[in-house]
There are 2 protein chains.
Amino acid sequence: MAYKEKEIEKIYYSIGEVAEIFDVAPSLIRFWESEFDLIQPKKNRKGNRQFTKEDIDHVRTIYHLVKEKGFTLQGAKEMLRNDAHSVRDKMDLLDSLKKVRQFLVQVREKL
Amino acid sequence: MAYKEKEIEKIYYSIGEVAEIFDVAPSLIRFWESEFDLIQPKKNRKGNRQFTKEDIDHVRTIYHLVKEKGFTLQGAKEMLRNDAHSVRDKMDLLDSLKKVRQFLVQVREKL
DNA sequence: ATTTCTTTTTCTTTGTACGCCATGAGGGAA
DNA sequence: TTCCCTCATGGCGTACAAAGAAAAAGAAAT
């Protein structure tokens, strides 16, 4: 299982691999990179992008805002202006609040 | 000041007045009405839209999500799926959280 | 007060600019 | 062959804006 171990511990991921993770085209990853400062993968001397897990997590944040939450690119940029790291957590908190409210509404309806 | 009193207590507002409030074109208000169930102003028998203050507040919610927060129309619709009333409040809470975090980061930097 | 003319506001339908990518050319490295 | 690069161009749908017609509201004159 040495190979598998190596896979798990892989440091860099190609743009094709990243694209596959999110089921999007590589061109979209490149486009987002051109739009968002948050995405800045290293490039080897050949020019190929090398994504770390952290880079991929940044892509995940963009994906979350744009594809799941429905922000425009401009809106996503605004969201990222202050705090890039915890935006996803806060959006999830927002969802939690909505769920809590939903629950309370149901409780009230029972009374 | 009877006239002014009457103005203040006005019940219905025209689409032009509503558009002016948000500094947008009347056509945009009509378009939003066609897109969002939340906006459903009464129409007189001539067909002219008559917006109550509550209707205007619904427009304000759409404006907030689309023009200030940067949601796509689809994203805004998703936000409104569960709870139309308190979305604005929650988004403001989100902003508050961001401000609190910003403050804490600054405090940490001082140490 | 009423008629006439002009401007404003509204309506629905149709048109369109731009955001958000996708595709293609032309090429390099493994 | 396959995956990657840059740069240019293409294209589809979103998000409105414009066009055209009709009604209403002023304004001027009688």
Which atom pair, heavy atoms only, marks the closest approach of B/Pro26 to B/Ala19?
-> N-CB, 3.7 Å

Considering residues at least two apart in sequence or located in another chain, which fulfil the side-chain hydrogen bond (donor to acceptor under 3.5 Å, both in side chains) criterion with B/Ser27?
-> none

Check against side chain to side chain contact (heavy atoms under 4.5 Å, CB included), A/Lys10 and A/Glu17 | CA-CA 12 Å; A/Lys10 182 154 57 178; A/Glu17 291 171 315; 2.7 Å; yes

Expected string for nucleotides 17-30 of chain C under the B/S/- scheme (protein heavy atoms, under 4.0 Å, primed atoms plus P, OP1, OP2 as sugar-phosphate) is ---SBBB----BS-

Minimum heavy-atom separation for B/Ile56 to B/Phe22, with atom names?
-> O-CZ, 3.8 Å

Whole angstrom is fine here: how far is it from CZ in B/Arg30 over to P in C/dT10?
-> 7 Å

Does B/Asp55 reach the main-chain N or O of B/Thr52 with its side chain, forming a donor-acceptor pair under 3.5 Å?
-> yes

Tell me, please, the opening and closing nucleotides of DNA chain D, 5' to 3', among those with an atom under 4.0 angstrom from a non-hydrogen atom of chain A.
-> D/dC4 to D/dT6

For B/Tyr12 and C/dT10, give me the distance from atom OH to atom C1', rounded to whole Å.
-> 18 Å

If you look only at pairs with a residue in residues 21-33 of chain B, which of them pass as a salt bridge (Lys or Arg N to Asp or Glu O under 4.0 Å), with sequence neighbours excluded?
-> B/Glu33-B/Arg49

Could you tell me which residues satisfy side chain to side chain contact (heavy atoms under 4.5 Å, CB included) with A/Glu68, sequence neighbours excluded, listed by chain and number?
-> A/Tyr63, A/His64

Expected list for residues 35-44 of chain B: side-chain donor-acceptor pairs under 3.5 angstrom, two or more places apart:
unit_1, atom_1, unit_2, atom_2, d
B/Glu35, OE1, B/Lys77, NZ, 2.7
B/Lys42, NZ, B/Tyr12, OH, 3.0
B/Asn44, OD1, B/Lys46, N, 3.0
B/Asn44, OD1, B/Gly47, N, 2.9
B/Asn44, OD1, B/Asn48, N, 2.8

